[in-house]
Amino acid sequence: METWVRAAVEAIHSSRAQAVIYLAGGASQAVGWLLSVPGASGSVLEVVVPYSRASMAQLLGKLPLQFTSKQAAEDMALAAFNRALKLSGPGLQVMGVGFTGSLASSRPKHGDHRFYVSTRTQNCLRTSHVTLSKGLRSREEEDKVSSCFVLKAIADACRVSATIQSDVQEPEIPKESVEQFDEDQELQQVIDGQVCMKVYHFADPTEKNFDRKLILPGSFNPLHDGHLKLLEVASSMCDDGFPCFEISAINADKPPLSIAEIKRRVEQFRKAGKNVVISNQPYFYKKAELFPGSAFIIGADTAARLVNPKYYGGDYNRMLEILLECKSTGTTFLVGGREIEGVFKV
């Protein structure tokens with residue numbers, strides 16, 4: 001491995017950012033570089049290579065109009081970002097990386113040799129497009145050039161300085177596009193289901209490494225001392241859990257919360273110095289998919305609904321199936337007693 005490659009990978013691994021990477025049609029050397037330097041488990045959450053049409057369609061939930069295109073790379077980056085949000089360690093920044101290329105192959109290509117690489121973070125979508133000079137390089141050499149661009153894109157998203165020697169010639173200068181999102185746009189993407197959650201880190205940073213998230217869901221209108229005490233007690237019971245509150249922007253029986261209303265409720269957590277997640281899943285079994293392996297703090301009344309077939313379309317077996325799926329991901333529940341119709345129930 002060249003010295004500059006190792007230096008860039010080491011900087012990425014030390015950034016405490018975590019990535020899901022989707023690659024199709026090239027940049028394979030970038031994966032080898034990232035995984036061969038110690039520390040990869042802290043920054044690489046998952047790498048998927050959707051080469052076949054069926055694999056790409058399943059990954060994106062649709063078949064791209066054109067596989068090697070800016071839109072396909074950005075769709076891959078968004079899908080990777082949502083996956084990273086679900087898999088990431090508590091309190092860490094995440095990114096999704098999408099790459100799609102049409103490089104030199106065993107048969108001559110009629111079109112350009114080109115590739116697109118896109119990175120998606122919470123507030124930024126950045127995409128590069130490079131058209132390579134035909135006949136200038138072998139497949140392996142084109143793969144190395146594309147790998148350099150993937151490495152640079154990840155380093156830029158991690159906000160680390162890295163010297164990338166991509167070896168592109170004058171006519172191959174990349175075309176770049178950057179789209180920034182403000183808070184309102186980020187929240188609208190959650191409401192629309194484009195992004196699965198937005199995380200607000202308001203608590204003081206901690207050096208402790210947590211194994212899972214400890215989540216207290218609710219509407220928090222308003223947030224009160226009972227909520228704060230409940231999470232505090234739960235945290236003392238699950239000292240391996242990263243404590244946070246969670247509000248669903250989507251309600252099963254009511255219209256979605258407005259952006260202004262979400263921001264008003266979030267402000268309560270800013271003042272209290274507590275972490276809060278805005279999600280788009282009102283149902284617990286969907287929350288379990290969104291936060292795999294987490295511990296949820298619920299009241300006795302919610303626990304009763306959790307095991308009531310009524311809330312699963314009246315299908316007892318469907319209820320068991322869903323609860324077993326929750327269990328298989330490591331989901332657990334902490335149940336707090338509540339006064340219901342004058343009786344304290346646990």
Side-chain angles (χ1 to χ4, degrees), residues 1 4-23 30-48 77-99 117-126 147 149-164 178 180-181 183 186 195-215 235 238-246 269-270 273-279 290-294:
M1 186 185 297
W4 68 266
V5 173
R6 177 173 287 275
V9 173
E10 288 176 343
I12 289 168
H13 288 345
S14 63
S15 69
R16 286 183 58 79
Q18 296 190 315
V20 167
I21 304 169
Y22 292 159
L23 305 173
V31 177
W33 294 338
L34 287 165
L35 300 186
S36 60
V37 174
S41 61
S43 58
V44 179
L45 293 166
E46 183 176 77
V47 178
V48 177
L78 178 60
F81 175 63
N82 277 312
R83 178 74 171 158
L85 285 169
K86 297 175 184 178
L87 298 179
S88 65
L92 298 179
Q93 300 301 315
V94 303
M95 78 181 79
V97 182
F99 172 92
V117 57
S118 182
T119 54
R120 174 63 201 257
T121 58
Q122 189 74 60
N123 63 355
C124 184
L125 174 65
R126 188 184 300 268
S147 294
F149 272 88
V150 167
L151 199 64
K152 181 181 186 303
I154 295 173
D156 289 346
C158 292
R159 298 179 182 174
V160 299
S161 58
T163 302
I164 307 294
V178 180
Q180 299 279 354
F181 308 110
E183 184 182 6
E186 292 172 35
V195 173
C196 63
M197 71 179 88
K198 175 171 171 55
V199 183
Y200 289 90
H201 297 291
F202 294 141
D204 292 333
T206 174
E207 294 299 317
K208 182 177 178 181
N209 291 321
F210 294 97
D211 294 328
R212 56 180 173 166
K213 296 181 180 75
L214 179 61
I215 301 171
S235 298
C238 297
D239 60 1
D240 65 340
F242 177 79
C244 56
F245 296 86
E246 183 258 349
F269 297 93
R270 187 193 309 274
K274 302 297 180 184
N275 301 313
V276 62
V277 179
I278 307 301
S279 82
L290 201 58
F291 307 103
S294 296

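The figures here come from the full heavy-atom set of this structure, side chains too, leaving out hydrogens, waters and symmetry mates. Residue numbers count from 1 along this sequence.
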Taking only distance into account, with no hydrogens and no angle test, what donor-acceptor pairs under 3.5 Å do side-chain atoms of residues 36-45 form with protein atoms, sequence neighbours excluded?
residue : atom : partner : partner atom : Å
Ser36   : OG   : Gly32   : O            : 2.8
Ser36   : OG   : Trp33   : O            : 3.3
Ser43   : OG   : His13   : ND1          : 2.6

For Lys208 and Asp239: C-alpha separation, side-chain torsions, deciding distance, then whether side chain to side chain contact (heavy atoms under 4.5 Å, CB included) applies. CA-CA 10 Å; Lys208 182 177 178 181; Asp239 60 1; 3.9 Å; yes
Steps toward side chain to side chain contact (heavy atoms under 4.5 Å, CB included) verdict (Val48, Val20): CA-CA 8 Å; Val48 177; Val20 167; 5.7 Å; no
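The side chain to side chain contact (heavy atoms under 4.5 Å, CB included) search around Val31 returns Leu23, Leu35, Val47, not counting sequence neighbours. Qualifying side-chain hydrogen bond (donor to acceptor under 3.5 Å, both in side chains) partners for Glu183, counting only residues two or more places apart in sequence or in other chains: Tyr200. By the side chain to side chain contact (heavy atoms under 4.5 Å, CB included) test, Leu92 is found to be paired with Arg16, Gln18, residues two or more places apart in sequence or in another chain being considered. With sequence neighbours left out, Arg6 forms a side-chain hydrogen bond (donor to acceptor under 3.5 Å, both in side chains) with no residue at all. In this structure Ser118 satisfies the side-chain hydrogen bond (donor to acceptor under 3.5 Å, both in side chains) test together with Thr127, sequence neighbours excluded. Every residue two or more places apart in sequence or in another chain was checked for a ring pair (Phe, Tyr, Trp, His ring centres under 6.0 Å) with Phe291, and none qualifies. The side chain to side chain contact (heavy atoms under 4.5 Å, CB included) test applied to Ser235 returns Leu214, Leu231, Pro243, not counting sequence neighbours. Legend: residues meeting side-chain hydrogen bond (donor to acceptor under 3.5 Å, both in side chains) with Lys274, ordered by chain and number and at least two apart, are absent. Contacts of Phe181 classified as ring pair (Phe, Tyr, Trp, His ring centres under 6.0 Å), with partners at least two apart in sequence or in another chain: none. By the salt bridge (Lys or Arg N to Asp or Glu O under 4.0 Å) test, Arg212 is found to be paired with Asp240, residues two or more places apart in sequence or in another chain being considered. Residues satisfying the side chain to side chain contact (heavy atoms under 4.5 Å, CB included) criterion with Ser161, sequence neighbours excluded, are absent altogether.
Closest non-hydrogen pair, Ala162 versus Ala155, comes out as CB-CB, 4.0 Å. Here the closest heavy-atom approach between residue Val160 and residue Ala11 is recorded as CG1-O, 3.7 Å. Contact between Phe269 and Phe245 at its shortest, heavy atoms only, is CE2-CG, 3.3 Å. Pairing each heavy atom of Val276 with each of Phe202, the nearest pair is CG1-CE1, 4.2 Å. Shortest non-hydrogen contact noted between Thr163 and Trp4 is O-CE3, 3.2 Å.
Distance check, rounded to the nearest 0.5 Å: CZ of Arg120 to CG of Asn82 gives 8.0 Å. How far CD1 of Ile154 is from CE of Met95: 6.5 Å, rounded to the nearest 0.5 Å. In this structure, the separation between OH on Tyr22 and CD on Glu46 is 5.0 Å, given to the nearest 0.5 Å. Taking CD from Gln93 and CD from Gln122, the interatomic distance works out to 8.0 Å, rounded to the nearest 0.5 Å. Interatomic distance, Leu125 CG to Leu78 CG, rounded to the nearest 0.5 Å: 8.0 Å. Rounded to the nearest 0.5 angstrom, Lys213 NZ and Asn275 CG are separated by 11.0 Å.
A 4.5 Å side-chain heavy-atom check between Leu87 and Val94 finds every atom pair outside the cut-off.
For Lys198, the NZ atom is densely surrounded, since the number of other residues' heavy atoms within 6.0 Å is greater than 12.
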